[in-house]
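Since the structure comes first, as structure tokens, the remarks are kept for the end.
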Amino acid sequence: MANKQLVCALLWVLALIGSIIEHGEAASDFVKADGTSFAVNGESFYPNGFNAYWLMSKGSKPSEMDKVSRALCQASSYGMTVVRTWAFKDGGYRPLQSSPGVYNEDMFKTILLRNNTKTGVVYKDDPSIMAWELMNEGRCKSDLSGRTMQAWIEEMAGYVKAIDRNHLLEVGLEGFFGGLDQDQEAIQYDPFASSRNVGSDFISNNQIHGIDFATIHLYPNLWIPHADDATQLSFLRDWIHSHSNAADEILRKPLLVTEFGKTSRFAGCNGVDKVAFYRTAYAVIYKLIRARSACAGGLFWQLLLPGMENLSDGYEIILSDCPSIANIIFRHSRLISSLNGPSLRGLTSTYQ
């Protein structure tokens, strides 16, 4: 049996940045999955945002706490509505969990049942949190049948939902097909045949009761590194479309692209290949949203601020340094905002 304490060390959180920044308090309604769409109080909601795994670490240091508010305010001004960040850190420097079951209150202590000392709201009751994620890019190469991963997700999903029935829950998958679904039905959705070998399975894992929506990640230059730019962009389109089709036709759940990014061979984030990648990714996502498919939004990897180059991984976007991509993000944000329900269009301010 899995250790129940483990789940709190693996959670990521997707939070609504508009309600945190502009209102200074919890949002009034929880995000729900409505068929293959998201909704807040019955109104359509299309998540649009970024990854910033570092928020918890910076927020724990008085000298760097301002980086958290600056990043959220900046993202909100560009029209972004959701941030995906760590809700775990095991061992090492300033850990959340220093040893099994031993939590550091300075970094939070436990998650689901913790009372937020700033708002007085227990996390499981806080609508500013959109969703919990069980793990990030989980793989189990010691059991390529997929049964070990499937059993772990079933147990952990049940455990989280027993504590928190307010929030959405997702697994944190990259999107690989395989494991339990080695049949033609699964393979027809897979444009990446070599993916069926990591012990996870996009379809079976997301069919588990308690898992409310599906996720994929997207890194063509890592997965098909020797392919040219045109082939990588073609893969990008196929990867999103194939998973959106599977979410529509089999899962009947929403799909989020919770990580996508690209390193550039040219001038960093201003390289023509990276700009083309972002333009294409957002165009595909927007087209699928307009078509009312299961694909409901995307979060790029990753947002940094000036002066945080020590966290650089080649995929970062510093908006002030990346004007072309910043403009693509802003235009996409405005398009997505226009599709949200009327009361949700004011979640963000306007980039000047």
Side-chain polar contacts of residues 39-50 - donor-acceptor pairs under 3.5 angstrom, sequence neighbours left out - could you list them?
unit_1: E43; atom_1: OE1; unit_2: S343; atom_2: N; d: 3.0
unit_1: E43; atom_1: OE1; unit_2: S343; atom_2: OG; d: 3.0
unit_1: E43; atom_1: OE2; unit_2: S343; atom_2: OG; d: 2.8
unit_1: N48; atom_1: ND2; unit_2: S333; atom_2: OG; d: 2.9

Any side-chain heavy-atom pair from N116 and V122 closer than 4.5 angstrom?
no
Could you tell me whether the side chain of S338 and the main chain of L335 form a donor-acceptor pair under 3.5 Å?
yes
W86 ring center near Y53 ring center (under 6.0 Å):
yes
Mind running side chain to side chain donor-acceptor pair (under 3.5 Å) on D164 and H167 for me, showing each step along the way?
CA-CA 6 Å; D164 180 358; H167 290 104; 2.7 Å; yes
I'd like to know whether H243 forms a side chain to side chain contact (heavy atoms under 4.5 Å, CB included) with F177, so could you lay out the CA-CA distance, the side-chain angles of the two residues, the decisive distance to 0.1 Å, and finally the verdict.
CA-CA 10 Å; H243 289 83; F177 295 93; 3.3 Å; yes
Pairwise side-chain contact, W152 with C140, heavy-atom cut-off 4.5 Å (strictly under)
no
Backbone of I325 reached by a side-chain donor or acceptor of K274 within 3.5 Å
no
The single option from I285, I289, I216, L288 that satisfies side chain to side chain contact (heavy atoms under 4.5 Å, CB included) with S244 is L288
Within the side chain of E259, is there an N or O that forms a donor-acceptor pair under 3.5 Å with the backbone of F300?
no
Close side-chain approach of S242 to I240, heavy-atom, < 4.5 Å:
no
Under the criterion side chain to side chain contact (heavy atoms under 4.5 Å, CB included), I'd like the reasoning laid out for E174 against V198: C-alpha separation, chi angles, the key distance, then a yes or no.
CA-CA 10 Å; E174 297 159 276; V198 297; 5.5 Å; no
Classify the side-chain pair S37/D34 by whether it contains a donor and acceptor separated by less than 3.5 Å.
no
Is there a donor-acceptor pair closer than 3.5 Å between any side-chain N or O of S77 and the backbone N or O of Q74?
yes
Give a yes-or-no answer on whether the side chains of Q232 and K262 include a donor-acceptor pair shorter than 3.5 Å.
yes
Establish, yes or no, whether a centroid distance under 6.0 Å links the rings of Y282 and F260.
yes
Neighbour count above 12 (heavy atom, 6.0 Å) for R70 CZ:
yes
Taking all non-hydrogen atoms of both residues into account, name the closest pair between F202 and A246 and its distance.
CE2-CB, 4.0 Å
Assign the ring pair H217 / Y219 to parallel, tilted or perpendicular, where the plane angle (0 to 90°) is split at 30° and 60°.
perpendicular
Tell me the closest heavy-atom pair linking T258 and T215, and the distance in Å.
OG1-CB, 3.5 Å
Between D248 and S293, do the side chains contain a donor N or O and an acceptor N or O under 3.5 Å apart?
no
Heavy-atom closest pair, residues L303 and A52:
O-CB, 4.3 Å
Are the aromatic ring centres of Y78 and H332 under 6.0 angstrom apart?
no
Ring centers of F176, W223 separated by less than 6.0 Å:
yes
Could you walk me through whether R265 and D229 pass the salt bridge (charged side-chain N to carboxylate O under 4.0 Å, His left out) test, one step at a time?
CA-CA 10 Å; R265 300 194 312 275; D229 291 338; 2.9 Å; yes
Residue pair L305 / L319, side-chain heavy-atom distance below 4.5 Å:
no
Please tell me whether R279 and N327 have a donor and an acceptor in their side chains that are separated by less than 3.5 angstrom.
no
